Amino acid sequence: MTIDLIWNKFPLKQVELKLSKVLRCGQTFRWKNVNNVWSYTTKNKIILLKQDEEYIHYSWIASEDIRTQLKLNCHFDKETFEFIKDYFNLPIKLETLYEEWIEKDGLFKISSKKSAFDQFTGIRILRQDPWETLISFICSSNNNVKRISKMCDSICTEFGKYINEYNGIKYYSFPTAEDLSSNPKVESRLRDLGFGYRAKYIYQTALKFTSDEFPDITLDNLYQLRTKDYETAHQFLLQLTGVGPKVADCICLMALDKHDIVPVDTHVYQIAIRDYKFKGKKDLKTMNKKTYHDIRLFFKEIFGDFAGWAQSVLFTSDLSDLNNGVNKSEETEIKIEQKSEEPEIKIEQKPDSIVIQRKRGIILESPLHQENSEIVESTKKRSTK
DNA sequence: CGAGACCCTGCGAC
DNA sequence: AGTCGCAGGGTCT
């Protein structure tokens, strides 16, 4: 079978979105970077992304079980573009938000140093799938980004559906609640995979979504929280095992459109005290419910309706921690070890086209400008709005 | 409300 | 080099 990897593109400034930061700052854990191509699986395909100064380039590889790929080309191109637009919250203009934050941020006015908002551009909050975000952030408790990423990867490999292969890597979808609760052995298997005490949390949460015992806890109701107010969403999430106030707020912000919510963790607490002179005890262990609430409102009062977004910039800029293996500088991506033989896929980019050569396959030369001209136009319209 | 326990890893201090 | 102690975007009992 020959896969025709066609790249489309749309213009987007890096101040609106910087992939290398956004996909690695700890709000999403499943994107892989292989030779400067970002990849991620949805339910039915692998999404591929690249960024240069002017454009986001995107492509997709359909699930292997979809035999009629060629006929779906047009449909999937559109679907992929819609996914990207939604996933990256692109209708929300970041540049103007940054300007507002700089205006509101009292910190850089009283200190001589430059504002984090001047230095760390292109960091936006994603609009992720609520179910995946829920499970991912149950994993995040008392944990680091590297290990969370590893866990999210292995939960897909173990319980997800095989989608396809790209560059020698097999891709699996994120498992559903049914996938994670159908067998009581799931918990012990997760433990074997290194989930620790979170194995139980995940299994029990998945069980709540599938069991008749909890008629209100359904996937549909979870998604509906996007249209409900913050308190409702927060309270719903607290019913789930392994979800406390911090994880609930992460899900609210990163999957449920609660843009003003600032999830308060030890790190945010430190930023509040150290940089913003929040009056609180320096001892983190004294952070109780009231302190949590106070800090959340503290940032909300500074930055307003998109406080959660602003906080993610501060948080990322403060990551002395942009570390932990996966989080290193842009150059240290996962490198695929090229064997001495021909690589599986060769991609060569020309000014007006991308040439894809598959081992044992045919050579394709795909125009970049023609097929997606309509999409490019619509993007322009949106950005000049 | 405040303590501990909790799985597991990576890192710096000896 | 090998331990040891501790924190890592917390939550449960």
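The structure presented is a predicted model; accordingly, all values stated were derived computationally and were not measured. Lettering follows sequence order; numbering is per chain, from 1.
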Figure out the [atom1]/[atom2] separation between [X] and [N], and round it to whole Å.
X	N	atom1	atom2	value
A:Arg24	C:dG9	CZ	C1'	17 Å
A:Tyr201	B:dC6	OH	P	11 Å
A:Lys289	C:dC12	NZ	C1'	14 Å
A:Arg198	C:dC12	CZ	C1'	13 Å
A:Asp249	C:dG9	CG	C1'	12 Å
A:Met151	C:dG8	CE	C1'	12 Å
A:Ile138	C:dT11	CD1	C1'	10 Å
A:Leu314	C:dG9	CG	P	16 Å

Which nucleotide, [options], lies nearest any side-chain atom of [X]?
X	options	value
A:Arg191	C:dG10, B:dT9, B:dC7	B:dC7
A:Tyr197	C:dG10, C:dG8, C:dG9	C:dG10
A:Asn142	C:dG9, B:dC7, B:dT9	B:dC7

Measuring only the [atom1] atom in each nucleotide, how far is [N] from [M]? A whole number of Å is fine.
N	M	atom1	result
C:dG9	B:dG12	P	15 Å
C:dG5	B:dA5	P	15 Å
C:dC6	B:dG4	P	14 Å

Under 4.0 Å between a side-chain nitrogen and a carboxylate oxygen: does that hold for A:Asp129 and A:Arg30?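 No.
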
Please classify the nucleic acid contact of [X] as base, sugar-phosphate, or nothing, using heavy-atom distances under 4.0 Å.
X	value
A:Pro245	sugar-phosphate
A:Phe315	base
A:Val264	nothing
A:Leu240	sugar-phosphate

Identify all stems in which DNA chain B takes part, counting only runs of at least 3 consecutive pairs (Watson-Crick or G-U wobble, each distance under 3.5 Å), and give each as one range with another, ordered by first number.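 Counting only runs of 3 or more consecutive pairs, the stems involving DNA chain B are B:3-6 with C:10-13, B:8-14 with C:2-8.
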
Side-chain donor-acceptor contact under 3.5 Å, [X] with [Y]:
X	Y	value
A:Asp179	A:Thr176	yes
A:Arg24	A:Thr316	no
A:Asn288	A:Thr291	yes
A:Asp118	A:Ser115	no

Compute the centroid of each ring, for A:Tyr40 and then for A:Tyr87, and state whether the two points are separated by less than 6.0 Å.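 A:Tyr40 vs A:Tyr87: aromatic centres under 6.0 Å.
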
If only side-chain N and O atoms of A:Thr241 are considered, is one of them under 4.0 Å from the OP1 or OP2 phosphate oxygen of C:dC12? no

Any side-chain N or O of A:Asn144 below 4.0 angstrom from OP1/OP2 of C:dA7?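 Result: no.
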
Separation of A:Leu190 CG from A:Tyr201 OH (nearest 0.5 Å):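 Those atoms lie 14.0 Å apart.
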
So, does the side chain of A:Arg147 form a donor-acceptor pair with the base of B:dC7 at under 3.5 Å?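 Per atom types, the contact qualifies.
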
Considering only heavy atoms and no angle criterion, is a donor-acceptor pair shorter than 3.5 Å present between the side chain of A:Lys246 and the base of C:dG9? yes

Using heavy atoms to find the nearest nucleotide of DNA chain C for A:Leu238 and A:Val268 separately, return the residue whose nucleotide is more 5′.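 Per heavy-atom nearest nucleotide, the more 5' residue is A:Val268.
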
Side-chain donor or acceptor of A:Arg226 paired with backbone N/O of A:Asp257 under 3.5 Å: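 Looks like no, no N/O pair under 3.5 Å.
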
